[in-house]
Amino acid sequence: MTRYPFPKIDLHLHLDGSLLPATMVELAAAQGVPLPADTPEGYLEYVREATGCGSVNRYLEVFEHPVAVMQDAGSITRITRELIELLASQGVAAAEIRMAPQLHTRRGLTQAEVTQAVLEGRRQGLAACPDIKIGILLCMMCIGPEAVNHAANAETVEVAGRYLGQGVVGLDLAGAEGFDPLSAFAPLFYRAAELGIPFTCHAGDSQGPETVRDAMDFGARRIGHGHHIYDDPALVQRAIREGVTIEVCPTSNIQCRTQPSYALHPAKKLLDMGLAVTINTDNMTFAGVGLEDEYDHCIGEMGFVPEDLIRMNMNSVRASFLPQADKEELLRRLEACL
């Protein structure tokens, strides 16, 4: 029985950070990928220890194992399908699953083939779970100075444009913050705008509000994480005026020490100021949470009330890149719950 009987939307959900532990162990054994543990329970124990490290960049190292087993189309399709089935079993009404095609080309797949494999997993997942809405976001990556992987990022933009409307709904820039000013990536987002591709962008997580400003300056109206915007009240007011939505992932923020605790997280204050705040899981396996677990933290430790959760899900629907008809349906369902 759900503890939160209203439509739940996860806008910020990484495919490789949400791989089922049993699948991780099975695929690693079949592909000869060494793991720090050979059972799902042991692997989860390793993940819990590693993700409590207190560093975003150290946290990102944990992705190496799932990325290593996601280098063939069959595995990528399976992992996508299984995540959709898991979300549906949790009563999630809609989700946007994000992944970086360039990370899955080590064994010869092209970014387009990686995307096709994800879309096949989406097709299979929706065939089994027709009541859930799923969009795919393709991530560009910040892995160092912008020039390091500019060609791969530029290819991701073009691939997103090619598959837009076929299950791909938008773009993102993920990875480590702080190597270069976020503004260095602006030309990639300008190209996305030329192609009519909606986009979000990771910013304001391990770095300060200046990265949120950079993302807003090149046109982002959704910000992945974004909670450090609270440190610049004038920027908060600009974001409210411009209709910016932030994709808060509470447990991930605590694990990475980008906020000191649930109680001190500014998400509730930002919502009360009028900013469009949403609640998301980021990496379900690594964080060890589903949306209802995050809602428990919201109610029990972060100062939210149940009506806030419904309104934040309405924020999620409005900011989503899902088709308009799907958005209208979800909004009607959420309004009925108020």
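Because the structure is a prediction, the values reported are computed rather than measured.
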How are the rings of Tyr46 and His65 set relative to one another: parallel (under 30°), tilted (30 to 60°) or perpendicular (over 60°)? perpendicular
Would you confirm whether Lys327, through its side chain, and Ser320, through its main-chain N or O, come within 3.5 Å as a donor-acceptor pair? yes
According to salt bridge (Lys or Arg N to Asp or Glu O under 4.0 Å), does anything in residues 151-168 pair up with another residue at least two apart or in another chain? List the pairs. Glu158-Arg191
With Asp180, which residues qualify under salt bridge (charged side-chain N to carboxylate O under 4.0 Å, His left out), at least two apart? none
Sequence neighbours left out, what passes salt bridge (charged side-chain N to carboxylate O under 4.0 Å, His left out) with Asp172? Give chain and number order. Arg98
May I have the step-by-step check of ring pair (Phe, Tyr, Trp, His ring centres under 6.0 Å) for Phe63 and Phe286, ending in yes or no? CA-CA 9 Å; Phe63 284 88; Phe286 291 172; 4.9 Å; yes
So which heavy atom on Leu83 is nearest to which on Met284, and how close? CD1-SD, 4.1 Å
Between Met140 and Phe185, is there a side-chain heavy-atom distance shorter than 4.5 Å? no
Could you walk me through whether Thr80 and Met99 pass the side-chain contact (heavy atoms from CB on, under 4.5 Å) test, one step at a time? CA-CA 10 Å; Thr80 306; Met99 59 89 64; over 6 Å; no
Residues in salt bridge (charged side-chain N to carboxylate O under 4.0 Å, His left out) with Asp214, at least two apart? none
What heavy-atom pair brings Ser75 and Gln31 nearest, and what distance separates the two atoms? OG-NE2, 3.2 Å
Could you verify whether a donor N or O on one side chain and an acceptor N or O on the other, from Asp308 and Tyr295, lie under 3.5 Å apart? no
Which value, rounded to the nearest 0.5 Å, describes the distance between Leu86 atom CG and Ile132 atom CD1? 9.0 Å
Min side-chain heavy-atom separation Pro21-Thr285 under 4.5 Å: yes
Between Lys268 and Asp272, does the salt bridge (Lys or Arg N to Asp or Glu O under 4.0 Å) criterion hold? Intermediate values first, please. CA-CA 6 Å; Lys268 170 61 172 171; Asp272 288 346; 3.1 Å; yes
Minimum heavy-atom distance between Asn315 and Ala276, given as atom pair plus value: ND2-CA, 3.7 Å
Indicate the ring-plane relationship of His12 and His225, choosing parallel, tilted or perpendicular according to the 30° and 60° boundaries. tilted
Consider only side-chain N and O atoms of Thr200 and Glu96, and report whether a donor and an acceptor are under 3.5 Å apart. no
Give me each pair satisfying salt bridge (Lys or Arg N to Asp or Glu O under 4.0 Å) with a member in residues 124-147, each pair once, sequence neighbours excluded. Lys133-Asp326, Lys133-Glu329
Any side-chain heavy-atom pair from Leu173 and His202 closer than 4.5 angstrom? no
Side chain proximity check, Asp293 to Thr251, heavy atoms < 4.5 angstrom: no
So do Tyr230 and Val212 actually touch side chain to side chain, heavy atoms under 4.5 Å? no
Measure the NE2-CG distance between His228 and Leu235 for me, rounded to the nearest 0.5 Å. 13.0 Å
Which pairs, with at least one residue in residues 256-279 and sequence neighbours excluded, count as a ring-ring contact (aromatic ring centres under 6.0 Å, His included)? His227-His265, Tyr262-His297
Leu291: which of Ile9, Thr281, Leu13 passes side-chain contact (heavy atoms from CB on, under 4.5 Å): Thr281
Thr105 side-chain N/O to Thr110 backbone N/O, donor-acceptor pair under 3.5 Å: no
Quick one, Leu138 with Val168, criterion side-chain contact (heavy atoms from CB on, under 4.5 Å). Give me CA distance, side-chain angles, the key distance, then yes/no. CA-CA 7 Å; Leu138 301 188; Val168 171; 4.2 Å; yes
Grab the two heavy atoms, one from Pro187 and one from Ala184, that are nearest each other, plus how far apart they are. CD-O, 3.5 Å
What pairs of residues pass the salt bridge (Lys or Arg N to Asp or Glu O under 4.0 Å) test when at least one of them lies in residues 15-37, not counting sequence neighbours? Glu26-Arg78
Between Ile299 and Phe304, what is the shortest heavy-atom contact and its length? CD1-O, 3.4 Å
So CG of Leu188 and CG of Leu171: to nearest 0.5 Å the spacing works out to 9.0 Å
Non-hydrogen atoms of Pro198 and Gly196 that approach each other most closely: CD-O, 3.5 Å
Residues forming a side chain to side chain contact (heavy atoms under 4.5 Å, CB included) with Ala73, sequence neighbours excluded: Ala117
Any heavy-atom pair between the side chains of Gln207 and Leu182 that's under 4.5 Å? no
What residues, two or more places apart in sequence or in another chain, satisfy salt bridge (charged side-chain N to carboxylate O under 4.0 Å, His left out) together with Glu45? none
Would you be so kind as to tabulate the donor-acceptor pairs closer than 3.5 Å made by side chains of residues 331-338, with sequence neighbours excluded?
none

Mark yes or no for whether Thr77, through its side chain, and Gly74, through its backbone, hold a donor-acceptor pair below 3.5 Å. no
What verdict does the salt bridge (Lys or Arg N to Asp or Glu O under 4.0 Å) test give for Glu113 and Arg107, after you've listed the backbone C-alpha separation in whole Å, the side-chain angles of each residue and the deciding distance to 0.1 Å? CA-CA 12 Å; Glu113 290 168 337; Arg107 299 212 304 253; over 6 Å; no
Transitive ILVMFWY cluster of Leu137 at side-chain heavy atoms under 4.5 Å: who else is in it? Val169, Phe321
Do Asp205 and Thr258 have side-chain atoms, one donor and one acceptor, less than 3.5 Å apart? yes
Using the rule given for side-chain contact (heavy atoms from CB on, under 4.5 Å), can you reason through Gln237 versus Met273, listing the C-alpha separation, both sets of side-chain angles and the distance that settles it, and then say yes or no? CA-CA 8 Å; Gln237 293 305 312; Met273 293 167 70; 4.2 Å; yes
Answer yes or no: is there a side-chain heavy-atom contact under 4.5 Å between Asp232 and Glu210? no
Would you say Val25 and Leu35 make side-chain contact, with heavy atoms under 4.5 Å? yes
Under 3.5 Å, is there a donor on one side chain and an acceptor on the other for Glu294 and Asn280? no
Looking only at the side chains, is there a donor atom on one of Glu120 and Gln116 sitting less than 3.5 Å from an acceptor on the other? no
Return the set of residues passing side-chain hydrogen bond (donor to acceptor under 3.5 Å, both in side chains) with Ser316 (not counting sequence neighbours), or none when no residue passes. none
